[in-house]
Student: 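Sharing a structure with you now.
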Amino acid sequence: MTDHATDKAEVLLAVNGLKTYFNTDDGVVKSVDGVTFHINKGETLGVVGESGSGKSVTSLSIMRLIPMPPGEIAGGEILFKGSKGQPQDIVKMSEAEMRKIRGNEISMIFQEPMTSLNPVYTVGDQIAEAVMLHQDKNRKDAMLVATDMLRFVGIPAPEKRVNEYPHQMSGGMRQRVMIAMALSCNPALLIADEPTTALDVTIQAQILDLMRKLQKDIGMSILFITHNLGVVAEMADRVVVMYGGRVVEEGDVIEIFKAPRHPYTMGLLNSIPRPGVDAHVPGTPRKRLEAIPGNVPNPLNLPPGCAFEPRCKFAIPDCAKAVPPLEDTGGGHMARCIRWQEFAKADQEVSA
Amino acid sequence: MFPFLIRRFFQSLPTLLLASVLIFFVISLAPGDFLTPARLNPGISEQQLANLSATFGLDRPVYVQYFYWMWNLLHGDFGLSFQYTQPVLPVIWPRIVNSVYLVLLNLVFFYAIAIPIGVYGAVRQNSFGDKSINVVLYFLLGFPSFFLFLIVIYLILQVRNATGWDIPLGGMTSGNYDQLSVLGKFWDVLRHLLIPAAVLAITDAAGLTRVIRGLMLEVMRSDYIRTARAKGVSERTAIWKHTFRNAILPIVAGIGGLLPAAISGAGFVEVVYAYPGITPMLLTAITASDLYLIAGFTVISTVLLVIGNAISDILLAVVDPRIKVG
Amino acid sequence: MTAPAVARTSAADSRGMTQKGETLLEVRNLEKYFPIRGGLLSRVVGNVKAVNDISFKLARGEVVGLVGESGSGKTTAGRAILRLIEPTGGEVIFNGTDVTKLSKGQMRDYRREMQIIFQDPFASLNPRMTVSDIIGEAMQIHNLNPGKGRIDRIAELLQKVGLRPEHMRRYPHEFSGGQRQRIGIARALAVDPLFIVADEPVSALDVSIQAQVVNLLQDLQEELGLTVLFIAHDLAVVEYICDRIIVMYLGRIMEIAPSHELNNNPKHPYTEALLSAAPVPDPTIKRQRIILEGDIPSPINPPSGCVFRTRCRYAIDDCAKVVPELREVSPQHFKACIRDDVL
Amino acid sequence: APFVYPAAWTGEQNTANKRGGEFRNYTLSDFKTFNPFTSAEATSIPGTMETGAGLFTQDPRNNEFIPKMADGPAVVSNNNKRFVVKLRPGMKFSDGQPITADDWITTWKIHTDDKVGSNSYDTFFINDKPIVIKKINDLTLQFDFPTQSATALSIMSFAPWPDHVFGKAYKAGGAEAIKKLWGLGTNPSEIVSPGMWVLESYKAGERAVLKANKFYGDWNKDSKGNAVPYLDKYSFRIVADLNAGLAAYLAGQIDVFGASKADDLAQIKKAIDAGNLKAYLKANVSPQATSSWIVFNWNKSDDAAKQALFRDVRFRRAMSHIANRDAMIKLALGGLGSEVYFSTYPIFKDQTDAGLKAGAPQYKYDLEQAKKLLAQIGYSKINSEGYRVNSAGKVLEFNLATNSGNTVREQLGQIFKDEAKKAGVKVNFTPIDFNTLVGQLTAKGEKRPFDAILLGLSGGTNIWPFGVNVVPCGTNLHSYNNPTDGKCLTSQEQLMTKLYYQGDAELNTAKRLAIGGQLMKNEGELQPVIYLVGTNYHVTYNDRVGGEYTPDMMDAYYGSRNIALTFIK
Amino acid sequence: MGQSQLSVAWGQFRKNKLAQTGGVLLILIYVMAVFAPFLAPDGLSSYSTSNITRFHPPTPIQFRDPATGAFTRPFVFKYGQELNMTTFVNEYKPTAEQCPIYFGVRGAAYKILGFIPGNIHLFGTGNEKPDCNVFLMGGEALGRDLLTRTLYASQISLTIGVAAVLLSTVIGLFMGALAAFFGGFVDTVIMRLVEVISAIPGLFLLILLRSVFPQNINPILVLYVILGILAFVGWGGLARVTRGQLLSVREQDFVSAARALGASDNRVMWRHMLPTMTTYIIVTLSLSIPGFILLESGLSFLGIGAVEPYVSWGSLLAQAQEGGLSSLNTRPWVLIPGFFIVFTVGCFQLLGDGLRDAFDPRKRQ
Ligand SMILES: Nc1ncnc2c1ncn2[C@@H]1O[C@H](COP(=O)(O)OP(=O)(O)OP(=O)(O)O)[C@@H](O)[C@H]1O
Ligand SMILES: Nc1ncnc2c1ncn2[C@@H]1O[C@H](COP(=O)(O)OP(=O)(O)OP(=O)(O)O)[C@@H](O)[C@H]1O
Ligand SMILES: [Mg+2]
Ligand SMILES: [Mg+2]
């Protein structure tokens with residue numbers, strides 16, 4: 001945490017109006033269309049959203065790993081305050097500079113632990129590679145670091161495991177290896193793109209627990225992408241909700257869960273059963289989930305106004321006219337809905 | 001490694017055995033028997049015919065003949081070539097060796113051409129270079145190797161007429177071969193091999209290049225390459241260390257299968273180039289119905305192929321740790 | 001529900017036999033081993049014990065959840081019950097008949113009564129058939145609603161699952177995941193089954209779509225009085241829809257209990273850990289969770305005794321000795337654990 | 001005293017006594033053996049090795065036989081039937097063993113053992129009666145001929161092969177042992193030669209290199225007393241076909257090329273004019289001592305209709321009328337060649353002239369005449385496909401085979417086939433393997449396995465230019481009629497056989513020519529073999545070699561040089 | 001509105017201009033082959049033995065009268081031929097005589113597709129001047145018109161390969177399905193056979209099989225033999241894939257679904273499993289045809305394929321070697337048939353790639 005714990009926290013990364021487009025045969029896919037958010041030092045920012053809403057593309061844009069072509073960063077800036085102290089715009093960096101940041105100051109772990117490790121190299125090699133790249137160590141020392149990292153992420157018998165190949169490990173194990181690799185150079189920011197989605201609940205619990213512990217130890221910030229609201233609730237300090245390539249809501253995690261100001265967020269929260277709370281009691285009438293009607297929008301053909309308008313039960317004709325602005329509803333809680341004030345009022349009435 | 005080799009050996013035995021059965025079966029389909037062509041050859045005496053008939057059990061049923069043949073084969077006796085009135089093995093062996101030279105050099109070129117171009121095409125996907133290479137390769141794919149070779153020869157003739165350079169246009173050695181030093185001999189053979197091997201490689205490489213390009217593209221899209229990039233590795237490392245090694249796995253697995261294709265493919269060029277390899281001899285053997293010689297060639301090349309397959313399995317085990325060895 | 005026109009087969013004659021609440025399906029000691037071949041002569045060198053001696057009962061009209069981690073044998077159990085894969089051992093008694101003993105022809109009649117919904121909405125529909133072909137195939141096989149009536153029935157089914165009749169002529173790839181899952185449901189319903197195995201019907205769907213399908217299934221179940229074996233690994237969903245829940249681990253049943261009971265009062269250490277591992281979408285709740293150590297052991301060589309003991313924090317030496325049997329510890333609540341002292 | 005090669009045998013003498021170097025020849029098919037007794041190839045290793053070994057040799061200036069291995073002219077007695085020949089002393093095989101009368105005796109014995117199957121078998125018999133050779137002493141041989149023979153000196157000039165190799169094996173194992181000797185796998189160091197060359201190395205499918213027999217120079221000198229040959233090596237490059245040979249020649253990789261087509265000459269000429277090749281070229285030096293022909297099989301007891309057809313002289317004359325020799329020369333030989341109507345090659349002009357004078361007929365290209373003849377045989381109707389059928393509806397057809405890989409012969413066959421079609425004859429033409437073909441051609445019996453074969457022959461002497469194994473009945477190349485008993489079928493054959501031996505025994509040249517004329521007349525009327533065309537002889541060689549004949553000595557019979565006097569400039 | 005898999009693919013294919021071009025060109029080539037006798041100015045084997053046209057150079061078509069310079073009916077000059085005795089080159093020189101070219105002239109008789117008789121040729125010099133000839137692509141070794149022969153050759157080159165592929169596809173499918181369906185012993189036997197066949201180098205197996213048949217069989221039979229041999233050598237790969245695909249499809253959910261509905265094995269096989277092969281088959285067919293065309297041309301080139309009087313592009317190329325490689329210098333036009341191979345194979349490849357892409361869901365949006 002920062003030295004002015006009471007003051008506004010120090011911003012590590014600020015994404016302003018980021019636009020990442022893909023030029024496909026069928027037209028331009030505006031995967032990320034003016035996304036703005038920031039991450040403070042030491043905090044965990046959860047990003048949730050529909051599949052295809054641009055979560056991964058945002059994170060890859062930050063790493064500048066968008067395949068170009070067909071992708072391009074069409075606008076906006078990504079200000080990163082790395083070890084140099086001064087915020088630098090990642091979008092404008094040279095490839096060489098960028099390589100120094102990747103894996104070193106910002107590192108990333110991915111959704112599929114099964115496919116994210118190179119099958120033909122030992123896990124030790126793969127961790128050591130990052131260490132050698134960024135820490136000026138020879139192979140032997142780097143392998144020692146790798147072993148330490150494996151131990152650090154709780155892999156038993158790391159001395160042995162360091163020489164094993166990915167296929168010799170289970171999914172949870174591999175995700176730990178990924179984390180070890182990502183953390184091997186003490187990054188300031190860890191981007192985790194759905195790191196537990198492919199894992200079993202019990203393993204997910206292990207990994208989440210591990211990440212929390214490591215964050216405490218290292219003090220890095222985490223950009224945590226997921227579509228599991230439970231995971232967000234557990235991991236995040238603040239939350240960004242994305243829909244159709246835009247941020248539709250952003251705010252403190254408790255705020256978001258207690259007082260969502262965007263109908264999509266509301267719908268999302270109501271559409272999932274809560275463990276324990278929603279269990280069916282025989283004899284009682286069954287509860288109903290509040291489903292969000294309709295389908296995920298086609299990224300090629302987003303509605304002109306609010307992207308959620310076609311599925312929104314609160315939609316009014318104005319919603320379709322223009323993209324609503326992202327407005328501050330108070331206390332850094334932002335929402336992109338022209339009717340947020342009404343929701344706020346309704347909320348107050350209910351609680352009143 | 002060793003148990004793996006043993007197991008590999010035992011696994012290929014049935015294939016070999018069955019292949020020999022097939023070869024024998026096919027040959028015994030021919031009208032008459034092995035000796036029919038020999039009977040027409042005044043150079044082979046009745047006595048010799050009778051001897052052969054006995055050694056190969058030709059008076060017995062076909063399956064017994066097979067065992068005789070197999071038994072002789074295992075003792076290194078492939079039978080008698082009726083054209084040469086000599087045992088098959090010493091007649092065909094030098095030809096096989098010659099073909100193997102050509103095929104090996106061809107393979108070297110083959111990979112030397114296909115790999116860099118394929119990788120380049122993948123790395124610079126859809127660039128002007130990639131596209132023009134693709135067009136050229138596409139064009140080359142349509143060329144039968146012998147036709148390309150005829151054209152190359154036509155061009156070489158033009159060059160030779162214009163410059164007077166001594167570019168070999170056939171055969172395997174120059175006239176003064178026997179007088180050359182060891183190094184000179186080596187260079188002489190190499191000089192003769194260069195053009196056919198290269199032409200062959202170019203036509204074949206067209207296909208492989210496209211395969212490599214496709215495989216590279218596929219691997220480049222994979223998650224672990226993204227992981228590597230996220231680590232901050234350089235472009236070169238990402239391509240050669242991480243992508244390439246994975247992309248060649250299917251190719252390594254196919255090396256064994258490549259050998260027969262290469263041997264077969266070399267055949268056409270051997271014919272055009274009047275190269276003393278297997279195929280020209282086989283072709284004369286067909287017209288002469290020199291069946292033992294044909295069968296001998298086929299068996300040996302099958303053995304070579306099975307060995308090639310084993311080698312590619314071993315190579316695959318070396319580059320891909322997921323394949324268990326041992 | 002309209003009475004079918006065609007005379008019903010033996011299996012279906014019994015349709016009236018069981019009343020709501022009576023046992024419709026009983027699984028006894030069901031086993032499914034997948035042989036592993038290896039070596040030179042590709043002999044069987046081992047077995048994947050995917051489902052290892054499981055027994056349970058389903059009452060008519062009941063929705064029962066089957067949960068467990070990946071590889072615990074849920075799918076295998078579901079398919080073995082339907083004889084989509086031949087069980088290695090055990091009995092499946094449907095409506096009084098042991099279906100595992102039936103011949104292929106006899107089994108075909110029973111297929112009308114037992115249907116399945118698949119997890120992957122992309123792989124489960126034949127991409128070369130139109131929606132009406134897909135749904136109509138079942139009727140064609142069993143010769144239901146011949147002639148013009150068939151189209152009407154398909155249209156009716158489509159409407160029932162929330163699609164429009166004009167979708168009939170389309171091909172699967174023209175639909176979104178949620179819509180495809182609806183087609184899959186319509187296909188299962190086309191033969192008026194009594195019993196449906198729903199194998200993770202919502203796991204592959206986007207969060208915002210999941211609720212649509214869950215609601216649909218729930219409505220249909222109530223409307224048609226279906227008996228459902230609902231397979232999932234998301235405990236929250238299972239608790240939400242199911243009357244009772246069966247918890248599996250490594251091919252064995254750990255615990256069976258009514259949903260609310262299981263949630264409030266898990267009796268098996270595994271269930272306890274499972275419940276605790278599931279993240280709760282409420283940032284205000286900060287729980288102390290139980291983190292299971294290690295990975296699931298291989299089903300080829302499951303641990304002796306209680307298969308869970310290697311990760312169990314209550315494990316004692318005795319756990320390795322005997323396979324704990326499934327005991328009723330309180331009404332309707334069964335568990336397979338020798339330690340009654342801890343939970 | 002050594003044999004001295006006359007100075008006049010070279011147009012340009014090796015005045016500077018240039019020695020060493022290699023003469024690079026080529027051959028079209030891979031060698032099949034090193035064994036002189038089983039070898040049947042035109043260009044063979046033993047045939048090359050034995051160069052310069054023979055009792056007598058013909059002087060290209062006047063066709064006279066001069067003693068070579070003989071130490072002087074033969075002493076003739078017994079009505080020109082007995083020849084006693086003294087051997088030149090001091091002759092040695094390439095392994096240093098002396099060449100003695102035993103070597104001749106052994107060689108003769110083996111050649112005349114029919115179990116060996118030597119190609120020269122027939123040459124040792126005259127009218128089925130053997131020529132007998134006796135050793136008088138180590139350096140004296142006595143030849144007894146059954147009749148007098150014009151070609152006696154030529155017959156006697158076979159090369160002696162070492163008794164210490166073959167004689168030993170023959171005594172021990174008979175014919176089988178001989179056949180096992182000197183296969184391609186034999187180490188060249190074990191090969192022994194009586195002649196100018198001995199095998200040095202052989203690379204299958206590539207080349208054979210022969211080196212000079214170091215003992216040959218002991219008894220062979222040039223006019224200045226220098227040992228010959230001047231050359232060190234004589235090599236054969238094995239090329240796939242004539243085209244490959246031409247390519248090698250144009251590339252300067254071989255020293256001579258047997259150009260036969262205008263195409264070849266054009267390319268050589270072009271290369272010379274462009275300065276890419278320094279070579280000598282003289283076209284149309286003479287006709288070749290070779291011709292192509294088609295033979296019909298008279299022994300087809302399994303197909304009576306065909307047998308009758310082939311035995312019908314009208315049919316064969318019709319076939320000669322069908323052969324468009326002019327087109328064959330223009331198309332297949334590329335414009336340079338000679339039409340042939342007799343077994344006598346056009347190069348033996350004296351004999352052909354005598355034949356024509358005697359009234360030997362030439363059945364020239366004339367489709368109308370052919371049609372008339374065929375109609376006479378009974379093939380008068382034409383079916384829907386345009387082929388002639390007889391009253392029984394049988395199509396007039398036969399199979400014609402030639403050896404594959406010889407494009408000229410394939411084209412000759414093609415032209416013959418296409419012309420035949422114009423006359424309504426269906427020819428099924430297939431090229432097959434050479435050895436198989438020869439096997440079929442030389443097969444004996446009542447049921448020989450072919451209809452018709454298109455092939456060529458070369459060889460024969462200029463003294464009596466009829467084939468000893470061709471003309472007389474029962475010889476192995478009497479290919480139209482070769483029944484088991486070897487009997488003649490027609491009176492003409494009988495007459496030809498008789499005339500053959502009569503001419504062969506006639507020592508007077510004019511009389512011999514007249515007999516030959518009669519033979520040709522008979523042969524022409526019988527048309528047992530349809531002779532087609534012959535190529536012309538063109539001389540071309542690389543300028544690096546010298547020692548060739550004077551231009552007027554060059555012809556297809558003697559060639560362009562004596563290899564002993566050839567040197568590298 | 002419904003859209004089947006095929007029509008989706010068709011839609012994709014429609015976007016691929018290159019593949020469509022390939023397809024259209026192929027259709028044209030096949031039409032050309034069918035009407036070869038009509039398109040060809042001459043008969044397949046006709047050549048003159050009186051007016052020698054051996055290696056006649058291509059004759060340029062003239063449109064202007066040389067005297068007046070005015071446009072006339074297109075014509076070629078009649079060429080005179082003489083062997084130049086200093087250069088030994090057979091020289092062809094245009095004479096003053098003009099051979100007008102007519103369209104739709106009568107000439108050599110033929111039967112299109114073997115049963116439609118005719119003697120009209122698209123163009124030619126007619127019968128009035130028998131020594132007149134158009135040699136658009138020059139003449140070959142016997143003076144036959146190379147264009148005519150190339151056109152005729154296309155009939156064989158274009159059918160043998162395709163027929164062999166079709167045949168081997170049928171065999172491969174059948175064997176693969178057998179193996180997958182029966183499993184066990186049948187499976188083992190078939191798969192072993194496939195393995196064994198693929199263990200013998202292809203060309204040698206072809207040569208081996210060819211050597212079984214006598215050399216001097218009927219030329220038309222040779223073609224069937226070659227076809228059969230090619231098919232026999234080629235079915236293995238497809239059988240293996242078919243088997244694999246069927247086995248994997250068997251595990252797919254939609255097949256399980258059908259079985260859950262009570263579908264019989266037959267129905268599952270025919271309605272659900274085999275149709276999954278269509279895509280694969282369409283794609284492999286179109287991609288392996290060029291390979292087989294190349295193979296056929298190769299065999300003919302080696303002289304074990306089409307034999308006289310039949311010609312294929314490969315055997316025409318074999319004849320191009322006549323007179324030695326260096327003679328190519330003086331008559332490069334004999335290489336032209338090779339470009340027909342290249343062109344056809346190229347078209348098939350464009351089409352095949354287009355089809356593959358059209359059917360590849362990954363390349364689809
Ligand atoms: N390489 C690409 N080419 C074209 N479009 C792309 C590419 N990568 C991503 N997209 C598009 O960008 C949009 C956003 O994708 P993204 O992967 O960021 O979604 P996401 O929010 O991460 O979804 P998920 O939850 O499924 O991971 C999608 O519509 C996707 O189709
Ligand atoms: N056809 C098969 N052959 C061999 N093993 C199999 C087969 N099908 C399943 N298995 C094994 O059986 C075990 C149980 O698999 P199953 O698919 O039933 O698990 P699951 O509980 O449905 O898991 P998931 O949640 O991943 O769907 C696994 O270990 C699996 O690898
Ligand atoms: Mg994503
Ligand atoms: Mg499952």
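Throughout, a chain's letter reflects where its sequence line sits, starting with A, and its residues are numbered from 1. Keep in mind that what you see is a predicted model, and the values were worked out from it rather than measured.
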Student: Show the nearest heavy-atom pair for residues A:A291 and C:N215, with the distance to one decimal.
Tutor: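 For A:A291 versus C:N215, the nearest heavy atoms are CB-ND2, 3.8 Å.
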Student: Report yes or no: does C:D206 contribute a side-chain atom to a donor-acceptor pair with the main-chain N or O of A:E50 at less than 3.5 Å?
Tutor: no
Student: Do other residues, nucleotides or ligands put more than 12 heavy atoms under 6.0 Å from C:E293 CD?
Tutor: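 Incorrect, the count does not exceed 12.
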Student: Relative to chain A, which of C:G177, C:G162, C:A211 shows the most heavy atom pairs under 4.5 Å?
Tutor: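 Most heavy-atom pairs under 4.5 Å with chain A: C:A211.
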Student: What closest approach, in Å, do C:D295 and A:I203 show between heavy atoms, and which atom pair accounts for it?
Tutor: OD1-CD1, 3.5 Å
Student: Non-hydrogen atoms of chain A under 4.5 Å away: do they reach the side chain of C:Q210, the backbone, both or neither?
Tutor: neither
Student: When you compare the side chain of C:P279 with that of A:N228, does any pair of heavy atoms fall below 4.5 Å?
Tutor: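 Answer yes - side chains close enough.
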Student: Would the distance check show the side chain of A:Q206 and the main-chain N or O of C:I291 forming a donor-acceptor pair, the cut-off being under 3.5 Å?
Tutor: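 The answer is no, because no donor-acceptor pair under 3.5 Å joins these two groups.
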Student: Could you walk me through whether A:V201 and C:L235 pass the side chain to side chain contact (heavy atoms under 4.5 Å, CB included) test, one step at a time?
Tutor: CA-CA 9 Å; A:V201 213; C:L235 257 174; over 6 Å; no
Student: Tell me, side chain or backbone of C:S176 under 4.5 Å from chain A's heavy atoms, or both, or neither?
Tutor: side chain
Student: Looking at A:G294, A:P273, A:G52, which has the largest count of heavy-atom pairs under 4.5 Å with chain C?
Tutor: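 Top option by heavy-atom pairs under 4.5 Å: A:P273.
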Student: Determine whether a donor-acceptor pair (N or O, by modelled atom type, separation under 3.5 Å) exists between the side chain of C:Y240 and the backbone of A:L289.
Tutor: yes
Student: Which atoms of A:Q204 are under 4.5 Å from chain C, going by heavy atoms: the side chain, the backbone, both sets, or neither?
Tutor: side chain
Student: For A:I254, is it the side chain, the backbone, both or neither that has a heavy atom under 4.5 Å from a heavy atom of chain C?
Tutor: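 Contact with chain C involves both backbone and side-chain atoms of A:I254.
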Student: Quick one: which of A:V232, A:D209, A:L269 has the most heavy-atom pairs under 4.5 Å with chain C, could you say?
Tutor: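 Most pairs with chain C among the choices: A:D209.
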Student: With respect to chain A, which residue among C:V213, C:V63, C:L274, C:D219 yields the maximal number of heavy-atom pairs within a distance under 4.5 Å?
Tutor: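 Result: the option with the highest number of such pairs is C:D219.
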Student: Side chain from CB out, backbone as N, CA, C, O: work out which of these in C:V237 comes under 4.5 Å of a heavy atom of chain A, or both, or neither.
Tutor: both
Student: Quick check: do A:D200 and C:I296 have side-chain heavy atoms less than 4.5 Å from each other?
Tutor: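 A:D200 vs C:I296: side chains touch.
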Student: Decide yes or no for A:T202 and C:R311: does some side-chain heavy atom of the first lie under 4.5 Å from some side-chain heavy atom of the second?
Tutor: yes
Student: Measure the shortest side-chain to side-chain distance between C:D282 and A:K258 over non-hydrogen atoms and say whether it is less than 4.5 angstrom.
Tutor: yes
